[in-house]
Amino acid sequence: MTTTTRRKIAEQATAFLGEAYFELGKSEEDAKRRIQEVLEQIEQTGAYIHTYEELKHGAKMAWRNNNRCIGRLFWQTLEVFDARDVRDELGAAERIFNHMSYATNSGRIRPAITIFPASHSDNRLRIWNHQLVRYAGYRKENEIVGDSASLAFTDACQKLGWRGAGTRFDVLPLVIQLEGKAPKWFPLPQETVLEVPLSHPENSEFEQLKLQWYAVPFISDMALEIGGISYAAAPFNGWYMGTEIGARNLSDTDRYNQLPTVAKLFRFDTATNTSLWKDRALVELNAAVLHSFKKQGVSIVDHHTAAEQFLRFEKQELDHGRAVTGRWSWLIPPMSPATTGIWHRSFDDTERTPAYRYQAAPY
Ligand code: ARG
């Protein structure tokens with residue numbers, strides 16, 4: 001390790017510890033003592049080990065700092081599971097399944113993160129999945145069956161020996177790779193995957209479309225960076241905002257492309273753009289998503305409420321002397337954005353750390 005990387009880690013560690021210890025209400029002496037200890041560890045080993053308290057607060061700060069997330073009002077409620085002691089794939093899979101059951105909580109979704117060994121540890125690992133629950137995508141002659149966003153990963157799973165049933169909604173397996181070893185895959189235990197079949201509040205024919213989505217979005221391919229230390233495997237979850245499913249996953253023409261199908265069901269005139277059939281189908285599909293999750297008792301937020309919560313988050317942060325950063329193009333919902341307060345604002349898109357970052361796929 002070069003002296004410059006060492007210096008960088010030391011700088012980031014110092015900045016993080018100063019900020020975190022202040023927020024945690026610790027004394028200046030405590031912070032100074034800990035920073036000294038950490039700097040010595042970095043000098044000797046090139047890295048340092050977070051206390052559980054640092055890990056926990058760092059993961060929350062990273063959520064709070066995520067410019068793309070509209071749901072940040074709840075950053076303090078994140079449950080942090082420490083899995084830095086994991087040694088093998090099965091051990092990792094068990095931690096993940098426990099996280100999934102805890103988070104799913106029969107529908108009363110709880111935000112959580114499981115943090116696996118840091119990237120400098122010899123027991124480091126990667127999770128290949130983009131999300132822990134995700135539907136497979138298959139290329140058939142002239143069409144794609146399932147989720148086109150999963151084509152490459154589905155291919156990788158098949159190369160590892162996994163076989164899906166071939167439906168539009170096959171749940172992909174969990175793929176875990178320990179440093180220097182071949183990846184291993186595990187089917188998700190049934191009790192870890194909650195799904196919601198879609199129905200419409202007024203149109204009883206909607207169920208015939210046989211649409212569904214899974215209850216919990218668990219992002220599993222981002223790296224968590226805290227004070228110069230990177231955690232490449234740190235899957236986390238919140239709950240869905242309806243439009244993610246209704247206005248993107250099921251609607252995008254290169255995803256499930258369901259607007260023409262929904263328009264037909266409602267007998268909207270698809271021969272002309274001026275009937276606004278796409279807009280009307282969007283409204284009905286999104287109403288179905290919110291209705292179905294509510295009916296099944298699964299947590300979900302509509303985009304109007306989420307936008308209000310975001311503006312409350314901003315106010316709450318200002319009250320604590322922190323200015324909120326954000327990326328406007330991500331914060332506005334993909335449906336009726338100008339009906340929310342976020343639309344009429346602008347945001348500073350400076351990226352702060354701790355942070356959740358994209359990283360290259362291992363497959
Ligand atoms: N947009 C992604 C999806 O539709 C999920 C991203 C995280 N979303 C969340 N509500 N925490 O699957």
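Numbers here are sequence positions counted from 1. All of these numbers come straight from a predicted model, not from anything done at the bench. First listed ligand is number 1; within each ligand, the first listed atom is number 1.
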Handout entry: Phe22, CZ atom: more than 12 neighbouring heavy atoms under 6.0 Å
Key = no
Problem - Test item: Arg6 side-chain N/O and Glu43 main-chain N/O as donor-acceptor pair under 3.5 Å - result: yes
Practice task
Using a strict cut-off of 4.0 Å, indicate which atoms of ligand 1 neighbour a heavy atom of Asn249.
Solution key: 3 (C), 4 (O), 12 (O)
Problem - Among Arg33, Lys32, Lys26, the one residue meeting salt bridge (charged side-chain N to carboxylate O under 4.0 Å, His left out) with Asp30 - result: Arg33
Problem - Residues, nucleotides or ligands: over 12 heavy atoms within 6.0 Å of Lys60 NZ - result: yes
Problem - Tyr214 to ligand 1, any heavy atom closer than 4.0 Å - result: yes
Completion exercise
for atom 12 (O) of ligand 1, nearest protein heavy atom and its distance come out as Tyr240 OH, 2.6 Å
Exercise for the section: Within a distance under 4.0 Å of any heavy atom of Trp239, pick out the atoms of ligand 1 and give their elements. Expected result: 9 (C), 10 (N), 11 (N)
Problem - Donor-acceptor under 3.5 Å (Asn249 side chain, Glu244 main chain) - result: yes
Exercise for the section: Identify the protein heavy atom lying closest to atom 1 (N) of ligand 1, giving its residue, its atom name and the separation to 0.1 Å. Expected result: Glu244 OE1, 2.7 Å
Practice task
Consider every N or O of Trp213 and every N or O of ligand 1, then say whether any pair is closer than 3.5 Å.
Solution key: no
Handout entry: Cation-pi check, Arg110 onto Tyr102 ring (under 6.0 Å, within 45° of axis)
Key = yes
Problem - Those atoms of ligand 1 less than 4.0 Å from some heavy atom in Gln131 - result: 2 (C), 3 (C), 5 (C), 12 (O)
Problem - For Arg134, the ligand 1 atoms whose distance to one of its heavy atoms is below 4.0 Å - result: 12 (O)
